[in-house]
*Asks:* 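Structure provided below as structure tokens; questions to follow.
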Amino acid sequence: MAQPGLAVVEVAAADDQTALAIQKLLAGRWATAPADRTTREPGEPGIRLRCYLDVRQNLTS
């Protein structure tokens with residue numbers, strides 16, 4: 001990322017529901033550009049989800 005405080009988070013999970021639940025937890029704490037879908041790699045178990053966080057903006061303060 002170009003600036004301190006910006007992060008890319010890649011979630012690896014067994015299923016869509018788990019990955020989206022983790023994204024929801026992150027979004028409750030920081031400004032988040034959420035992903036609207038997960039991805040699968042052919043022949044690999046589980047799924048991936050990538051979202052972007054701005055950890056400079058703490059939403060719980």
Side-chain angles (χ1 to χ4, degrees):
M1 300 306 291
Q3 295 182 313
L6 302 177
V8 177
V9 176
E10 185 167 295
V11 177
D15 55 52
D16 291 348
Q17 295 82 0
T18 303
L20 294 171
I22 293 168
Q23 177 177 253
K24 185 176 178 179
L25 288 171
L26 293 171
R29 172 115 178 130
W30 295 291
T32 306
D36 58 353
R37 64 183 178 87
T38 59
T39 58
R40 293 184 187 279
E41 290 293 325
E44 296 286 323
I47 57 93
R48 300 248 189 262
L49 177 136
R50 181 175 289 169
C51 60
Y52 301 87
L53 306 178
D54 184 345
V55 297
R56 299 170 299 179
Q57 297 181 31
N58 187 338
L59 300 179
T60 59
S61 299

*Asks:* So which pairs with a foot in residues 4-13 pass salt bridge (Lys or Arg N to Asp or Glu O under 4.0 Å), sequence neighbours left out?
*Replies:* Glu10-Arg48, Glu10-Arg50
*Asks:* Pairs of donor and acceptor atoms involving the side chains of residues 34-45, under 3.5 Å and at least two apart or interchain, shall be tabulated with distances.
*Replies:*
{"from": "Thr38", "atom 1": "OG1", "to": "Asp16", "atom 2": "OD1", "distance (Å)": "2.6"}

*Asks:* Of all the heavy-atom pairs spanning Asp54 and Trp30, show the shortest one and how long it is.
*Replies:* O-CB, 3.9 Å
*Asks:* Looking at Val9, Leu25, Leu53, which hits side chain to side chain contact (heavy atoms under 4.5 Å, CB included) with Thr32?
*Replies:* Leu53
*Asks:* Testing the basics here: between Ile47 and Ala19, what is the closest heavy-atom pair and its distance to 0.1 Å?
*Replies:* CD1-CB, 3.3 Å
